[in-house]
Amino acid sequence: MTPEEDYPGAIQLCLECQKAASTFKHYSCISELNSKLQDTLEQIEEQLDVALSKICKNFDINHYTKVQQAYRLLGKTQTAMDQLHMHFTQAIHNTVFQVVLGYVELCAGNTDTKFQKLQYKDLCTHVTPDSYIPCLADLCKALWEVMLSYYRTMEWHEKHDNEDTASASEGNNMIGTEETNFDRGYIKKKLEHGLTRIWQDVQLKVKTYLLGTDLSIFKYDDFIFVLDIISRLMQVGEEFCGSKSEVLQESIRKQSVNYFKNYHRTRLDELRMFLENETWELCPVKSNFSILQLHEFKFMEQSRSPSVSPSKQPVSTSSKTVTLFEQYCSGGNPFEIQANHKDEETEDVLASNGYESDEQEKSAYQEYDSDSDVPEELKRDYVDEQTGDVPVKSVSRETLKSRKKSDYSLNKVNAPILTNTTLNVIRLVGKYMQMMNILKPIAFDVIHFMSQLFDYYLYAIYTFFGRNDSLESTGLGLSSSRLRTTLNRIQESLIDLEVSADPTATLTAAEERKEKVPSPHLSHLVVLTSGDTLYGLAERVVATESLVFLAEQFEFLQPHLDAVMPAVKKPFLQQFYSQSQLPVNYANQFTGLWLVKPLIMNRCCSSWLM
């Protein structure tokens, strides 16, 4: 009967045989039979324990019902619960070890058994970067199956407790009812206590895996994927036992801060390169451009989508959110690696050749295809000059179209004024916010680095277009004291003014310099000293307006940043917005300075020549 897993039937048969044998125990042959029956019963218990351990990875309601009935016949329901928790603990250990071992041996490419002798902590250090994410996903999937089995085990006991209570209320056996109630109470407390214990084991195993590899070398998308998996795992933990997953949060925070420091430093260097190669020409975006149209900010719309239109949701008495355990109870896994749908929807933010759409471009060409507005003398093949009739080439229709098209583009006053570098900074801000949204414990670090992006952009524009030592030394007050304080703060905290490192510098000074970035230099393609270009008037206007636009985007994001910023760190965010970090008014001051500066220089030069 045991091969068919009919454990209750086998135990019932043994107990009946033992009862019958006890009647004739005075016979020697029956005494030996009784001893053999006891040995058989112990063997059935051993097989029953093995059957109980199978519940931990793949819960089967029929299988578990038979096992519980068998233990009830033995009068060992409490012992079964103690054994079950030991099996769950062992299942977690064996599961994670086998998953990681499989990837390590696969990447090693040999059949050496040395890895099997390693401790789990040492084994995690042998996972290669290429296999890190698939291994982590499989690790979480396997642990999910264990936790789901425990969840379904609790469901089974809750359901059968209600059934037993209903049947007991109809009976009159008070002694049996008291014993049953005692067993149910013990099992309930054991299961509730086991929730925290099992989740703690899961956290420790995943923490060991996370800290076994340096994630600072990962690509941004890969690291975000790791954060997404861990975020989903923490959601599982909260639904499983109400835990805030402090162990996981601390481990991923360490990895995130380490990763983000390296990532941010690289991005600052790239930003310096962008600024030094920027020609401060208008980036042709559509008039309805919004940062939410960029891929980097799509997560904001997704996070807001459930609460956009609650009125459209059907009204019901129970608005309970479906948990992951309820959603995947009958099948599936929340840690299945989903295909990246990032490229399904393309961005449509750039204007087509200066026009909002191809249709507008076509209509514009048709409008300008007419020669009605072309001067009559330009239509002639010959133009009379003082020197006689000299053939002059007429202005081509393509040239006229180009001029008209350029005029049309410049007249689009509703389109935001920004440059390629501005767009790059905005994309970086989106990536930073995406990381912050997934892992809120590092929100302060991320927002601090975001403020540095804006600071560096502000400092670069002032350095390129607003600084004039000769004018400022005269005390003309071309920049406010508050602005000067802000620029000095940025220079002291972010700008590396030293050309080369001093070999005698202390380690602390070297670390401080590592956090800074050199001051950018204006591209040689931008000429600010020529009167033919009004001393770079167009570039100055574009640079100033791009700073204003960038500041406006930070203001737009303020509610989102405030929502994820820790309460103890919110004064920093308030200071960032209220004091100097978003100086739209400073940009307006720059506009006045940079528009009048070429005229001042031109007037001074003319007076000197006279």
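Everything numeric in this text was worked out from a predicted model, so none of it was measured.
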Exercise. Do the two ring centres, one from Tyr150 and one from His85, sit under 6.0 Å apart?
Worked result: yes

Exercise. For the residue pair Tyr103 and Tyr132, is the inter-centroid distance of their aromatic rings smaller than 6.0 Å?
Worked result: no

For this session: Could you tell me if the ring centre of Trp280 sits under 6.0 Å from that of Phe465?
Result: yes

Exercise. Atom NE2 in His521, atom CZ in Arg272: separation rounded to 0.5 Å?
Worked result: 7.5 Å

Exercise. Looking at Tyr120 versus Tyr209, is the centre-to-centre ring distance below 6.0 Å?
Worked result: no

Problem set entry | Of Asn420, Thr421, Asn424, the residue whose pairing with Glu278 passes side-chain hydrogen bond (donor to acceptor under 3.5 Å, both in side chains) | Thr421

For this session: Taking only Lys NZ, Arg NE, NH1 and NH2, and the carboxylate oxygens of Asp or Glu, determine whether Asp60 and Lys54 approach each other closer than 4.0 Å.
Result: no

Exercise. How about Trp144 and Phe325: are their ring centroids closer than 6.0 Å?
Worked result: yes

For this session: Please find out if less than 6.0 Å separates the ring center of Phe454 from that of Phe554.
Result: yes

Problem set entry | Set of salt bridge (charged side-chain N to carboxylate O under 4.0 Å, His left out) partners for Glu155, sequence neighbours left out | none

Exercise. Should the pair Asp138-Lys141 be classified as a salt bridge under the 4.0 Å nitrogen-to-oxygen rule?
Worked result: yes

Exercise. Is the His157-Tyr64 ring centre distance short of 6.0 angstrom?
Worked result: yes

For this session: Decide if the gap between the ring center of Tyr259 and the ring center of Phe218 is smaller than 6.0 angstrom.
Result: no

